[in-house]
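Both counts, for ligands and for their atoms, begin at 1 and track the order of listing.
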Amino acid sequence: MIPAALVGWYLADLASGVIHMTMDYWPARPGVGFNQLYFYPGDRSSAAYEGLRRDVMARVGPFQRLVYDFKNHHPRPDALGRRSMKVLIGSSVAAGTLPASLLLNLWCFIAPPPGWLVVCGISLIVGGTFAQYFHGTLHRAANPWIIRAMRRVGLLMTPAAHQKHHDSLKRDFATNNGWSNPLLNPIFALLYRRGVLTDAGLEPTR
Ligand SMILES: [Zn+2]
Ligand SMILES: [Zn+2]
């Protein structure tokens, strides 16, 4: 069960990396004002900015909001660290880990899988649920003791390791503990060389 829990923890890291890579390079929809938000020259705590943000976000669905949030994270990384846990885990729970958890429960109810597989699934679901929260802790100075303890034993990555992503935006997309980055980095390099992922996707356009 312990190896299975670690495999689940690895898979959660891999999922964080695949989603992050996709969202960073997926083009934000043009013509809805994402570029005005992204390059906003004034005060971001002003009512004018808040109003603009509300207008733009009302024009798009949850997927494009997420796509924008990932891009916006690069020039303004600390904003993620200021968000509440509820905001950070909400979309992961709603779109991913709550349905996965219900399916796992259903599976256990109908035809119980081996215990190690359940442990692997729970570890993956917990790691997936908190993925964006873990990413947020990398952009915040003060964190709960459990985050510091998990970093010390390597279950979560350090801010220094995550900085490698922000320095290039071309590597180390996984943000839970980075265990899957040695696998994902060559995959990214290949997709980038082939032109599947291009720099044009990194910032919103008019
Ligand atoms: Zn990124
Ligand atoms: Zn980051």
Atom of V93, atom of P99 and distance for their closest heavy-atom approach: O-CD, 3.5 Å

Check: Q64 side chain, R29 main-chain N or O, donor-acceptor pair, under 3.5 Å: yes

Sub-2.8 Å protein N, O or S atoms surrounding the Zn ion (ligand 2): H73 NE2, H135 NE2, H139 NE2, H162 NE2, H166 NE2

Salt-bridge criterion met for R53 and D69 (N-O under 4.0 Å): yes

Result of checking H165, H166, M157 against L138 for side chain to side chain contact (heavy atoms under 4.5 Å, CB included): M157

L102 atom CG: more than 12 heavy-atom contacts under 6.0 Å: yes

Main-chain N/O of M57 paired with R65 side-chain donor or acceptor, under 3.5 Å: yes

Vertex the Zn ion (ligand 1), arms to D24 OD2 and H20 NE2, rounded to 10°: 90°

